[in-house]
Novice: 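Sharing a structure, written as structure tokens. Questions coming.
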Amino acid sequence: DSWLANVEAGAKENETGLWALCRDVAGTYINPPTPTAEEVRAGYQEIDVRDLVIRPDSFIGEKIVVSGEVFVIQVEGTLTAMQIFVTTVDGSREAVAVGYEGDTTGIYEGTSVTVYGVGAGKIEGTNAFGGYVVQPLIRADIVDY
């Protein structure tokens, strides 16, 4: 074997060089490149939270991003349930429920967060005063703070 053949074999085996980005005959990556954090976040659409509140079911499965302030946070193991107030363009605030499975160390009531997630319909329940409440629900993929 030649030196070049050995280098080629090593690159194939270790999926480096051109073999790191090879495509099959259909044009699909065999080893797709890993997206950057910015590329991942760019896949989420900013929305007017008022639309989410009025029509939560129309966002089911949609990749959305909202920013707000935590007003309730409960953690059990790796599962976090949060409620955040999102300020609308007219200055009012809307409550959004967020479920997140991941590390939320450093997030407290009053923490500003940006949630990248998927619309998951709505959550219904009773508030501390016994009133019936409905809030849109986001299953978070990423929570920045």
Side-chain angles (χ1 to χ4, degrees), residues 1-126 132-145:
D1 287 324
S2 72
W3 171 83
L4 186 56
N6 289 333
V7 170
E8 177 184 7
K12 283 182 184 178
E13 184 178 323
N14 296 312
E15 299 175 352
T16 59
L18 294 175
W19 287 271
L21 301 176
C22 282
R23 298 176 191 242
D24 62 18
V25 293
T28 305
Y29 280 111
I30 295 169
N31 300 306
T34 304
T36 65
E38 293 79 25
E39 289 170 334
V40 170
R41 286 172 176 80
Y44 295 81
Q45 175 185 5
E46 287 193 42
I47 60 166
D48 187 322
V49 73
R50 296 173 295 181
D51 289 325
L52 180 64
V53 169
I54 295 168
R55 299 173 198 85
D57 291 343
S58 68
F59 290 90
I60 291 175
E62 297 293 319
K63 294 175 86 170
I64 56 178
V65 58
V66 296
S67 295
E69 183 178 304
V70 176
F71 70 93
V72 172
I73 183 168
Q74 295 176 320
V75 179
E76 191 169 313
T78 61
L79 183 61
T80 298
M82 291 185 279
Q83 290 175 290
I84 64 173
F85 278 129
V86 179
T87 303
T88 66
V89 294
D90 68 359
S92 62
R93 297 189 318 166
E94 295 288 355
V96 175
V98 176
Y100 180 61
E101 192 155 349
D103 185 13
T104 54
T105 303
I107 299 178
Y108 309 100
E109 290 181 13
T111 301
S112 294
V113 295
T114 299
V115 174
Y116 298 83
V118 176
K122 58 187 172 280
I123 189 166
E124 303 176 48
T126 306
Y132 177 72
V133 294
V134 178
Q135 293 176 351
L137 176 63
I138 298 175
R139 190 183 77 243
D141 297 318
I142 301 168
V143 178
D144 289 338
Y145 63 100

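These numbers were taken from a predicted model, which means no experiment stands behind them. Note that these values count all heavy atoms, side chains included, but never hydrogens, waters or copies made by symmetry.
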Novice: Angle between ring planes, Y116 versus Y44, binned at 30° and 60°: parallel, tilted or perpendicular?
Specialist: perpendicular
Novice: Sequence neighbours excluded, which residues qualify as ring pair (Phe, Tyr, Trp, His ring centres under 6.0 Å) partners of F59?
Specialist: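 For F59 there are no ring pair (Phe, Tyr, Trp, His ring centres under 6.0 Å) partners, ignoring immediate neighbours.
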Novice: As an exercise, state the distance from CG of D141 to CZ of R41, rounded to the nearest 0.5 Å.
Specialist: 10.5 Å
Novice: Identify the heavy atoms of T105 and Y145 that sit nearest to each other, and give their distance.
Specialist: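 Closest approach of T105 to Y145, heavy atoms only: O-OH, 2.5 Å.
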Novice: Which heavy atom of A95 sits nearest to which heavy atom of Q135, and what is that distance?
Specialist: CB-NE2, 3.4 Å
Novice: As an exercise, state the distance from CD1 of I123 to CD1 of I138, rounded to the nearest 0.5 Å.
Specialist: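 Between atom CD1 of I123 and atom CD1 of I138 there are 12.5 Å.
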Novice: Find the distance between CG (D90) and CG (D48) and round it off to the nearest 0.5 Å.
Specialist: 8.5 Å
Novice: Heavy-atom distance under 4.5 Å between the side chains of E62 and I47, does that happen here?
Specialist: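 With C-beta onward as the side chain, the pair stays apart.
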Novice: Give, for atom CG of D144 and atom OG of S67, the distance between the pair rounded to the nearest 0.5 Å.
Specialist: 8.5 Å
Novice: Give me the atom names and distance for the closest heavy-atom approach of I73 to I107.
Specialist: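 In terms of heavy atoms, the two residues are closest at CD1-O, 3.6 Å.
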Novice: For V66, which of V98, T114, I84 qualifies under side chain to side chain contact (heavy atoms under 4.5 Å, CB included)?
Specialist: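 Result for side chain to side chain contact (heavy atoms under 4.5 Å, CB included) with V66: I84.
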Novice: Closest heavy-atom contact between G121 and D57?
Specialist: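 In terms of heavy atoms, the two residues are closest at CA-OD1, 3.6 Å.
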Novice: Please round to the nearest 0.5 Å and tell me the distance separating atom NZ of K122 and atom CZ of R55.
Specialist: 13.0 Å
Novice: Surrounding CZ of R50 (heavy atoms of other residues, nucleotides or ligands, distance under 6.0 Å), is the total greater than 12?
Specialist: yes
Novice: Taking all non-hydrogen atoms of both residues into account, name the closest pair between A140 and V115 and its distance.
Specialist: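 Shortest heavy-atom separation between A140 and V115 comes out as CB-CG1, 3.8 Å.
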Novice: With rounding to the nearest 0.5 Å, note down the distance linking OG1 in T78 to OH in Y100.
Specialist: 10.0 Å
Novice: Please step through side-chain contact (heavy atoms from CB on, under 4.5 Å) for the pair M82 and V143, ending with a clear verdict.
Specialist: CA-CA 11 Å; M82 291 185 279; V143 178; 4.2 Å; yes
Novice: Please report the closest heavy-atom contact between V75 and G77, naming both atoms and the distance.
Specialist: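 What the structure gives for the nearest pair is CG1-O, 3.6 Å.
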